[in-house]
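Below, read A as the first sequence line, B as the second, and so on, with proteins coming before strands; counting in each chain starts at 1. For clarity, every value in this text was computed on a predicted model and none was experimentally measured.
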Amino acid sequence: MNYWLVKSEPFVFSFEDLVRDGVTRWDGVRNYQARNNLRAMSLGDLCLFYHSNEGLAVVGIARVSKTFYPDPTATSGDWSAVDMAPVKAFTQPVTLAEIKKNPVLSEVGLVKNARLSVMPLRSDEFFTILDMGLTQL
DNA sequence: GCCAACGTTGGC
DNA sequence: GCCAACGTTGGC
């Protein structure tokens, strides 16, 4: 099991959209590092879903429901997509500010490389954010 | 192969 | 709306 964090601008595609749709194609990635991360995803891997630009918080958990295949939205180049399904919405969004405050999360890509849209998380990072997001059950 | 110019992302 | 960080492009 690997753990990931994916970013989406909520006015383009939000976690609520994912819950509504049930499954979505995670396409349009045009960055080699992010693409390689997509290709490293295994079936059932868990992804934290982060809202960029608006919200600025991790809002839920998704899982990989189909591993990588050629991105149908790519007109040229060697790009990949995966499918994702919702797992659970956070009861309390975990904001970027909170992530930056937590020393355990200082290596997280959101902090280290703000522009990367698909990044791996260590399991301790994943579960730390999970605890912060599901505290008010 | 280097590097300057440019475009894009995304936080503030 | 601004700007820093980063990736990509293209001239040499």
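- Mapping heavy-atom proximity under 4.0 Å, the span of DNA chain B touched by chain A runs 5' to 3' from dG7(B) to dC12(B).
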Enumerate donor-acceptor pairs with a distance under 3.5 Å from any side-chain N or O in residues 52-59 of chain A to protein atoms, sequence neighbours excluded.
unit_1: N53(A); atom_1: ND2; unit_2: E9(A); atom_2: OE1; d: 3.1

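- Interface residues of residues 97-108 of chain A facing DNA chain B, ordered by number: K100(A); criterion, heavy-atom separation under 4.0 Å.
- Residue pairs that meet the ring-ring contact (aromatic ring centres under 6.0 Å, His included) test with at least one member in residues 89-118 of chain A, sequence neighbours left out, do not exist here.
- Its side chain within the 4.5 Å cluster rule, Y32(A) clusters with W79(A) among the Ile, Leu, Val, Met, Phe, Trp and Tyr residues.
- Note on L56(A): only backbone sugar-phosphate atoms sit closer than 4.0 angstrom, heavy atoms only; bases stay farther off.
- With hydrogens and angles disregarded, a donor-acceptor distance shorter than 3.5 Å links the side chain of N31(A) to the backbone of A34(A).
- Here W4(A) pairs with D45(A) under the side-chain hydrogen bond (donor to acceptor under 3.5 Å, both in side chains) rule; sequence neighbours left out.
- Across its full length, the helix from dG1(B)-dC12(C) to dC12(B)-dG1(C) shows an angle of 10° between the axes of its 5 terminal pairs at either end, rounded to 10 degrees.
- Considering only residues two or more places apart in sequence or on other chains, D124(A) meets the salt bridge (Lys or Arg N to Asp or Glu O under 4.0 Å) condition with R122(A).
- Applying the salt bridge (charged side-chain N to carboxylate O under 4.0 Å, His left out) definition to pairs two or more places apart or across chains, those involving residues 67-82 of chain A are R30(A)-D71(A), R35(A)-D78(A), R39(A)-D78(A).
- Listed by chain and residue number, Y3(A) satisfy the ring pair (Phe, Tyr, Trp, His ring centres under 6.0 Å) test with F126(A) (two or more places apart in sequence, or in another chain).
- With sequence neighbours left out, the salt bridge (Lys or Arg N to Asp or Glu O under 4.0 Å) criterion links R63(A) to no other residue.
- Annotation: ring pair (Phe, Tyr, Trp, His ring centres under 6.0 Å) contacts of F15(A) (sequence neighbours excluded): F49(A).
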